[in-house]
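Excluded from the calculations below are hydrogen atoms, water molecules and symmetry mates; all remaining heavy atoms, backbone and side chain alike, are included.
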Amino acid sequence: MKYEGFTTFTVAQNAGVMTVTFDFGSVNVQGQEMLADLNSLAMRLERDRETKVVVFQSANPEIWVCHYDTELLKDMSDEAVSRDEAQLLDLQAVCERISKLPQATIAKLEGFARGGGHELALALDMRFAARGKFKFMQMEVGMGILPCGGGASRMARQTGLGKALEIILSAQDYDADEAERLGTVNKVLEPDEIGAYVDNLAKRIAQFPAESINACKQMVYESIDKPIDEALKAEAYWLYQATSKTPALKRFRIADEQGLEHDIENQRNWGELVMGVQEIS
């Protein structure tokens, strides 16, 4: 599948891992061009079973993705609408589409990500930040609005209610270590370590079956908002989606026939053994 024609980022592919590098103008502003590119990228990825992991990074040494383009915000309606009349904004729709991709998605954050840029990062599956380089902010309350790219909704799911409100209502910068404390990033790494860490994680995930990656991801997203009984049913549903499309049962049969689970050395070295299992297809 071709990944060409984008104006706000470049795309590189290697062994199941795609790297998307934002490089647009002076600050990677999140305007119509970027949203169109992201929507087009998502449309292609939804049909792609060769790409298993997508890493989003920036060519700008200071900024990952800037906030939503103020040119688009200045023309918003000043009329209140009813709940029935309210429709998703472009930023909300694009971030939601990105969040539902069958691939694992990772934000490699080595610069500022404020407003809509941070909301895009929250829409990805995992976030890793470089100490001393990453900062994030949701500044919307100070402008008289609210985070409108899924920030308010996804923030509370990441951090809990109180911390989400601290972030949103303070409208101030938080650095990488504060982001880790608040729960908006998975892990903070030194600038000279983040590249290798993200690369190794992406390459590891990319060795697993695409259908299993998707099933795991969809199950987690679906179950987080459900009561436990419904969440367990979601787990069962996605389990059978995976076993119907992956070599899982073949792998279990071989493991059982060879008595692999009863070998203490295998129990001690599951981290390596699970990678060896990928040869069984």
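- Here the straight-line distance linking atom CD of Gln87 with atom CD of Glu85 works out to 9.0 Å at 0.5 Å rounding.
- Applying the 6.0 Å contact sphere to CD of Glu265 captures more than 12 heavy atoms from other residues, nucleotides or ligands.
- Shown here for Phe6 and Leu41, the closest heavy-atom pair between the two residues is CE2-N, 3.9 Å.
- Asn14 CG: 12 or fewer foreign heavy atoms inside a 6.0 Å radius.
- If you check the side chains of Glu235 and Ser223, you find no donor sitting under 3.5 Å from an acceptor.
- Counting heavy atoms from C-beta outward, Thr19 and Lys108 have side chains that stay 4.5 Å or more apart.
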I'd like to know whether Glu166 forms a side chain to side chain contact (heavy atoms under 4.5 Å, CB included) with Met155, so could you lay out the CA-CA distance, the side-chain angles of the two residues, the decisive distance to 0.1 Å, and finally the verdict. CA-CA 11 Å; Glu166 175 187 349; Met155 190 88 67; over 6 Å; no
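- Considering all non-hydrogen atoms of both residues, Leu91 and Gly116 come closest at CD2-CA, 4.1 Å.
- In plain terms, the two heavy atoms of Glu140 and Leu146 that are nearest each other are CB-C, 3.4 Å.
- Listed for the Arg127 side chain is a donor-acceptor partner under 3.5 Å among the backbone atoms of Thr184.
- For the residue pair Ser40/Arg44, the side-chain donor-acceptor check at 3.5 Å is satisfied.
- Residue Ile98 holds its CD1 atom at 14.0 Å from CG of Leu122, rounded to the nearest 0.5 Å.
- Two residues are said to be in side-chain contact when any heavy atoms from C-beta on lie closer than 4.5 Å; Gln57 and Ile194 fail this criterion.
- Side-chain atoms of Arg97 and Glu46, non-hydrogen and from C-beta on, do get closer than 4.5 Å to each other.
- How far CE of Met34 is from CZ of Phe24: 7.0 Å, rounded to the nearest 0.5 Å.
- Residue Lys135 places its NZ atom among 12 or fewer non-hydrogen atoms of other residues, nucleotides or ligands, all under 6.0 Å distant.
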Quick one: do Glu178 and Asp173 satisfy side chain to side chain contact (heavy atoms under 4.5 Å, CB included)? Show the steps, please. CA-CA 9 Å; Glu178 291 169 323; Asp173 271 333; over 6 Å; no
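- Among all heavy-atom pairs drawn from Leu182 and Lys163, the shortest one is O-CD, 3.7 Å.
- Note on Ile205: it does not cluster hydrophobically with Met219, by side-chain heavy-atom contacts below 4.5 Å among ILVMFWY residues.
- Of the possible donor and acceptor atoms, none in the side chain of Thr21 sits under 3.5 Å from a partner among the backbone N and O of Thr10.
- Inter-residue side-chain proximity for Trp64 and Phe134 is flagged as unmet; no heavy-atom pair is nearer than 4.5 Å.
- Without hydrogens or angle criteria, Gln138 side chain to Gly151 main chain gives no donor-acceptor distance under 3.5 Å.
- When the shell of 6.0 Å around OH of Tyr3 is examined, it contains more than 12 heavy atoms from other residues, nucleotides or ligands.
- Around atom CD of Glu190, more than 12 heavy atoms belonging to other residues, nucleotides or ligands sit under 6.0 Å away.
- For the pair Asn39 (side chain) and Leu35 (backbone), a donor-acceptor distance under 3.5 Å is absent.
- Nearest heavy-atom pair, Ala104 versus Asp125, reported as atom, atom and distance to 0.1 Å: CA-OD2, 3.3 Å.
- Contact of the Ile167 side chain with the Gln158 side chain is not registered, since no non-hydrogen atoms from C-beta on lie closer than 4.5 Å.
- We find that Glu222 and Lys233 are not joined by a salt bridge, their nearest charged nitrogen and carboxylate oxygen being 4.0 Å or further apart.
- To the nearest 0.5 Å, the span separating CG on Leu45 from NZ on Lys100 amounts to 16.0 Å.
- Atom-to-atom distance recorded for Leu189:CG and Lys133:NZ is 12.5 Å, nearest 0.5 angstrom.
- Counting heavy atoms from C-beta outward, Glu119 and Gln30 have side chains that stay 4.5 Å or more apart.
- Residues Arg154 and Cys95 meet the side-chain proximity criterion, which asks for heavy atoms closer than 4.5 Å.
- Under the rule for a side-chain contact (heavy atoms from CB on, under 4.5 Å), the partners of Ala206 that lie at least two apart in sequence or sit in another chain are Val17, Lys52, Val53.
- In the hydrophobic clustering of this structure, Leu249 does not group with Leu239; members are Ile, Leu, Val, Met, Phe, Trp, Tyr whose side-chain heavy atoms approach within less than 4.5 Å, directly or through other members.
- Linking ILVMFWY residues whenever their side-chain heavy atoms come closer than 4.5 Å, directly or via other members, leaves Ile224 and Leu101 in distinct clusters.
- Leu120 is connected to Val11 through a chain of hydrophobic side-chain contacts under 4.5 Å among Ile, Leu, Val, Met, Phe, Trp and Tyr, so both are in one cluster.
- A search for side-chain contact (heavy atoms from CB on, under 4.5 Å) contacts involving Pro209 returns Glu211, Ser212, Thr246, Pro247, Arg251, Gln278, not counting sequence neighbours.
- Note that CG of Asn60 is 8.0 Å distant from CG of Asp23, once rounded to the nearest 0.5 Å.
- For Arg181 (side chain) and Asp177 (main-chain N/O), no donor-acceptor pair under 3.5 Å exists by modelled atom type.
- Arg49 and Pro102 make their closest contact through NH1-CG, 3.7 Å (heavy atoms, listed as atom of the first residue, atom of the second, distance).
- The residue from Tyr174, Phe136, Phe112 that alone fulfils the ring pair (Phe, Tyr, Trp, His ring centres under 6.0 Å) condition with His118 is Phe136.
- For Glu180 (side chain) and Ala129 (main-chain N/O), no donor-acceptor pair under 3.5 Å exists by modelled atom type.
- Side-chain contact between Phe22 and Leu38 is present, with at least one heavy-atom pair separated by less than 4.5 Å.
- Both Ile213 and Val274 belong to a single network of hydrophobic side chains, linked directly or stepwise wherever heavy atoms of I, L, V, M, F, W or Y lie under 4.5 Å apart.
- Listed by first and then second residue, the ring pair (Phe, Tyr, Trp, His ring centres under 6.0 Å) pairs involving residues 201-235 amount to none (not counting sequence neighbours).
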